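Heads up: the structure comes next, in structure tokens.
Note: hydrogens, waters and symmetry copies are ignored here, and every other heavy atom, side chains too, is used. Quantities reported herein were computed from a predicted structural model and do not represent experimental measurements.
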2 protein chains.
Amino acid sequence: MSAAAARPVAERPAIFDHPPVDPRVEALVNEVIGRVADKWTMIVLDVLAEHGEQRFTRLAALSGGVSQKMLTQTLRQMERDGLVVRTVHPVVPPKVEYRLTDMGFSLAEAFCGVWTWAEAHLARIETARAAFDAAKAG
Amino acid sequence: MSAAAARPVAERPAIFDHPPVDPRVEALVNEVIGRVADKWTMIVLDVLAEHGEQRFTRLAALSGGVSQKMLTQTLRQMERDGLVVRTVHPVVPPKVEYRLTDMGFSLAEAFCGVWTWAEAHLARIETARAAFDAAKAG
DNA sequence: CTGAATCCCCTAGGATACTG
DNA sequence: CAGTATCCTAGGGGATTCAG
């Protein structure tokens with residue numbers, strides 16, 4: 001896994017402390033992962049990748065149970081990170097549309113594997129959980 | 001993106017409410033994504049995929065700044081979901097080792113694309129943020 | 001319609017201390 | 001060494017209201 005470069009801790013005594021990596025890079029990777037790997041970002045990414053440019057309300061409907069607060073928040077972050085473009089049409093009532101940038105699309109592609117994995121392994125996860133819980137109880 | 005099957009909202013009026021999908025599947029996919037896409041799960045997955053079976057303390061050191069509480073929690077969830085195997089060696093002092101299952105490995109592979117993406121786009125994200133913040137301020 | 005702002009609850013998650 | 005248990009706080013995130 002190529003991300004090793006970001007946390008190349010390599011060989012060190014098993015001390016329980018923070019790693020020796022450039023704290024700069026470390027922090028940034030963590031931040032990016034923490035941001036980008038969040039549930040709503042993934043879903044918005046997926047929706048926009050599949051359905052193309054969408055306006056706010058429609059995006060909310062397509063995203064299954066997101067609150068408007070979280071959707072706004074997520075979209076702002078994604079806009080700031082250069083993942084989506086926000087287009088305001090100066091009409092009344094207001095019309096605002098969101099679409100993925102090239103970078104956004106590339107991230108959506110990167111996440112594609114995770115989506116397919118989740119679909120493919122839902123059943124096995126449920127089984128594993130049941131087994132684990134049973135073993136724990138019995 | 002194949003996850004469409006899980007949230008096939010298709011064509012519906014732009015009403016802001018919960019989608020028409022099987023709430024069962026919907027909830028499960030969201031749960032799995034929410035669990036599996038979390039930061040520490042991704043990191044532990046990455047570390048175990050790269051360094052192979054590791055014991056608790058070493059795993060903590062390799063994971064860069066995780067608290068032992070979060071690490072324990074993450075490992076328990078992953079064990080329950082069948083992503084890792086926990087092996088207790090009956091010696092003193094205690095020795096417990098964790099390794100990925102086949103399913104764990106497959107998930108690690110699925111996340112590989114996201115890691116490489118994050119690495120490759122760190123600089124562009126920083127630039128985008130700076131630009132966004134500048135525009136907002138100016 | 002889009003979204004900012006406010007209120008508020010609740011849990012994620014850190015620090016610390018204690019066991020086997 | 002590998003946890004579990006406890007305490008505690010910042011912030012995630014829902015509901016509601018207001019504005020352009």
Original post:
To the nearest angstrom, how far is A/L71 atom CG from C/dC1 atom C1'?
Top reply: 13 Å

Original post:
CD1/A/I33 to CG/A/D38 distance, rounded to the nearest 0.5 angstrom?
Top reply: 12.0 Å

Original post:
Looking at D/dT4, does its base get a donor-acceptor pair with the side chain of B/Q73 below 3.5 Å?
Top reply: no

Original post:
To the nearest Å, how far apart are A/K39 NZ and D/dG13 P?
Top reply: 9 Å

**OP:** Look at the side chain of A/P94 and decide which nucleotide, out of C/dG14, D/dA2, D/dG20, has an atom nearest to it.
**Re:** D/dG20

**OP:** Applying side chain to side chain donor-acceptor pair (under 3.5 Å), run through B/S63 and B/W40 and close with a yes or a no.
**Re:** CA-CA 8 Å; B/S63 299; B/W40 295 124; over 6 Å; no

Original post:
In whole angstrom, what separates A/Q68's CD from D/dC18's C1'?
Top reply: 12 Å

**OP:** Could you state the atom-to-atom distance from CE of A/M70 to P of C/dT11 in whole Å?
**Re:** 16 Å

Subject >> B/R99 vs B/L48 side-chain heavy atoms within contact, under 4.5 Å >> reply: no

**OP:** Provide, to the nearest angstrom, the distance between the NZ atom belonging to A/K69 and the P atom belonging to C/dC7.
**Re:** 12 Å

Original post:
Should A/F105 and A/L62 be counted in the same cluster of Ile, Leu, Val, Met, Phe, Trp and Tyr side chains packed under 4.5 Å apart?
Top reply: yes

Original post:
How long is the line joining CG of A/L75 and P of D/dG13, in whole Å?
Top reply: 15 Å

Original post:
Does the side chain of B/Y98 get closer than 4.0 angstrom to OP1 or OP2 of D/dC1 through an N or O atom?
Top reply: no

Original post:
Between A/D38 and B/P93, which has a closest nucleotide on DNA chain D that is more 5'?
Top reply: B/P93

Original post:
With respect to the phosphate group of D/dC1, does any side-chain polar atom (N or O) of B/R58 fall under 4.0 Å of OP1 or OP2?
Top reply: no

**OP:** Would you kindly give the NZ-to-P distance between B/K95 and D/dA2, to the nearest whole Å?
**Re:** 9 Å

Subject >> Transitive ILVMFWY side-chain link A/V92 to A/F56, under 4.5 Å >> reply: no

Original post:
Can you check whether B/R55 has a side-chain N or O nearer than 4.0 Å to OP1 or OP2 of D/dA2?
Top reply: yes

Original post:
Between D/dA2 and B/R86, is there an OP1 or OP2 to side-chain N/O distance shorter than 4.0 Å?
Top reply: no

**OP:** Take atom CD of A/E97 and atom C1' of C/dC1, then tell me their distance rounded to the nearest Å.
**Re:** 12 Å

